[in-house]
Amino acid sequence: MLLGRIGVWSVGLTHGDRGEAREAAAELEALGYGTLWLGGTPGHNPQPDLAAAAEVLAATGRVVVGTACLSIWAHPPDRLAAAYDALPAADRARLVTGLAVSHAPFTAHYRQPLTAMRRYLDALDAGGTGPPPSARLIGAHRPRMTQLAAARTAGTQPYLVDTSYTVRARALLGAGPLLAPVQTVVPLTDPVAARAAARTVLAPYLALPNLTRTWLDSGFTEADLQHGGRDRLVDRLVAWGDTERITAHVTSHLRAGADHVAVHVVTEHPRAFPRAAWRDLASFLPTT
């Protein structure tokens, strides 16, 4: 399944107005983006599901559609398999199911995440139905989960990572599996306003061990994580500025070893559709 070089990650496609979601999906396909990722907001909105994916698939004709990512605690493998198998074959052919273990504060079921993910994949394989390994990704950040993704799925989609992480992940995955990080972007040129918007996105994650350990591995310090995140953390994790500056940040992941980058444009309301920004970026980014 060819994801293209650049995709769009959007909570609006998952939880926004359904009529506009369909219109936006069709426009994004026409703009040349390779994959449309249905995002979620941790701890608040329900996570993506295949019903929302089916709507986006119906509104488009060739673009790949991905869930980014389904919590394994909220989507038992038998229910996921049944929902996947109920889709038309043509839709399944361009659907990627991202899977994730979420984070302990967001689910009472969280325990032994690596073991839980392995058992989840075992259940999908044993059932012989649902998304095949080639249509699965894991929202992995830590090394052992990344290695599991390389062995059992098409690859990984990490969130809020810098290019040094991309280099490390590429080395762990090897040459074959997909590496498709999400790059958060803020299309504002004023540093104070841009960093303030970026910190609203970072805020829910600054106390989550999966991500904080990953950032420390990238050379950040505990002090960088305090008070909403120091500027150097914000600037390396979130691309902000004019279109050319954002483009350079996004494509740096491709140079570091990513196969695909999913662009998450920050909006004042997470369910909004930043269509003007998507159009501007499409004219600069290597979407194919």
Side-chain angles (χ1 to χ4, degrees), residues 1-41 45-70 75 80-99 130-132 134-137 139 153-155 157 159 178 180-185 250 254 258-267 269-288:
M1 198 176 303
L2 299 177
L3 303 184
R5 298 290 271 168
I6 303 293
V8 165
W9 186 103
S10 168
V11 175
L13 292 175
T14 311
H15 300 298
D17 177 84
R18 300 325 297 158
E20 188 168 4
R22 291 189 291 271
E23 292 176 4
E27 181 180 9
L28 289 167
E29 179 177 62
L31 287 170
Y33 288 104
T35 303
L36 308 184
W37 299 97
L38 280 65
T41 304
N45 295 324
Q47 293 301 292
D49 58 32
L50 295 193
E55 283 190 359
V56 175
L57 286 161
T60 56
R62 61 183 181 279
V63 70
V64 175
V65 175
T67 59
C69 289
L70 300 174
H75 297 84
L80 174 64
Y84 181 88
D85 293 341
L87 294 172
D91 286 354
R92 295 197 302 271
R94 54 190 181 96
L95 175 63
V96 174
T97 50
L99 304 170
S134 60
R136 306 172 198 159
L137 292 176
T153 75
Q157 184 170 71
Y159 184 71
L178 287 165
V182 178
Q183 176 61 64
T184 299
V185 311
V250 171
L254 299 175
D259 302 291
H260 171 93
V261 181
V263 175
H264 167 209
V265 178
V266 175
T267 56
H269 192 293
R271 300 186 187 192
F273 298 88
R275 295 171 75 168
W278 290 337
R279 293 170 192 141
D280 288 343
L281 289 169
S283 65
F284 281 79
L285 290 167
T287 51
T288 58

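Keep in mind that the numbers below use all heavy atoms, side chains included, and drop hydrogens, waters and symmetry copies. The chain is numbered in sequence order, starting from 1.
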Query - Identified side chain to side chain contact (heavy atoms under 4.5 Å, CB included) counterpart of Trp37 within the set Val96, Val182, Leu13 - result: Val96
Report summary line: Value for NE2 (His269) from NE2 (His15), rounded to nearest 0.5 Å, stands at 11.0 Å
Report summary line: Shortest non-hydrogen pair, Thr14 vs Gly39, comes out as OG1-O, 2.7 Å
Report summary line: Leu87 and Ala54 have their tightest heavy-atom pair at CD2-CB, 3.7 Å
Query raised in the report: Looking only at heavy atoms, which two atoms of Ala135 and Pro131 are closest? And how far apart?
Result: O-CB, 4.3 Å
Query - Min side-chain heavy-atom separation Leu31-Leu281 under 4.5 Å - result: no
Query raised in the report: Would you find a donor on one side and an acceptor on the other, under 3.5 Å apart, between the side chain of Thr184 and the backbone of His264?
Result: no
Query raised in the report: For Ala282 and Tyr33, which heavy atoms make the closest approach, and how far apart are they?
Result: N-OH, 3.2 Å
Query - Mutual orientation of the aromatic rings belonging to Phe273 and Trp278 [parallel < 30°, tilted 30-60°, perpendicular > 60°] - result: perpendicular
Requested in this report: Considering non-hydrogen atoms only, spot the tightest contact between Ala26 and Thr60 and give its length.
Outcome: N-CG2, 4.1 Å
Query raised in the report: Taking C-beta and beyond as the side chain, do Leu3 and Asp259 meet within less than 4.5 Å on heavy atoms?
Result: no
Query raised in the report: Taking the side chain from Arg271 and the backbone from Asp17, do they hold a donor-acceptor pair closer than 3.5 Å?
Result: no
Report task. Calculate, to the nearest 0.5 Å, the distance between atoms CZ and CZ belonging to Arg62 and Arg94 respectively. Result -> 9.5 Å
**Report entry** Any Leu80 side-chain heavy atom under 4.5 Å of Leu99 side chain
**Finding:** yes
Query raised in the report: Are side-chain heavy atoms of Leu95 and Leu50 found at a separation under 4.5 Å?
Result: yes
Report task. Taking Glu29 for its side chain and Val63 for its backbone only, find out whether a donor-acceptor pair lies under 3.5 Å. Result -> yes
Query - Nearest-0.5 Å distance that lies between atom CG in Leu285 and atom CD1 in Ile6 - result: 5.0 Å
Report summary line: Rounded to the nearest 0.5 angstrom, the OG1-CD distance for Thr67 and Gln157 is 9.0 Å
Requested in this report: Determine the minimum heavy-atom distance between Ala154 and Leu137, stating which atoms define it.
Outcome: C-CD2, 3.8 Å
Query raised in the report: Rounded to the nearest 0.5 Å, how far apart are SG of Cys69 and CZ of Arg136?
Result: 14.0 Å
Report task. Decide yes or no for Leu178 and His260: does some side-chain heavy atom of the first lie under 4.5 Å from some side-chain heavy atom of the second? Result -> no
Requested in this report: May I ask you to test the Trp9-Pro181 pair for a side-chain heavy-atom distance under 4.5 Å?
Outcome: no
Query raised in the report: Could you state the interatomic distance from CD (Glu20) to CZ (Arg275), rounded to the nearest 0.5 Å?
Result: 5.5 Å
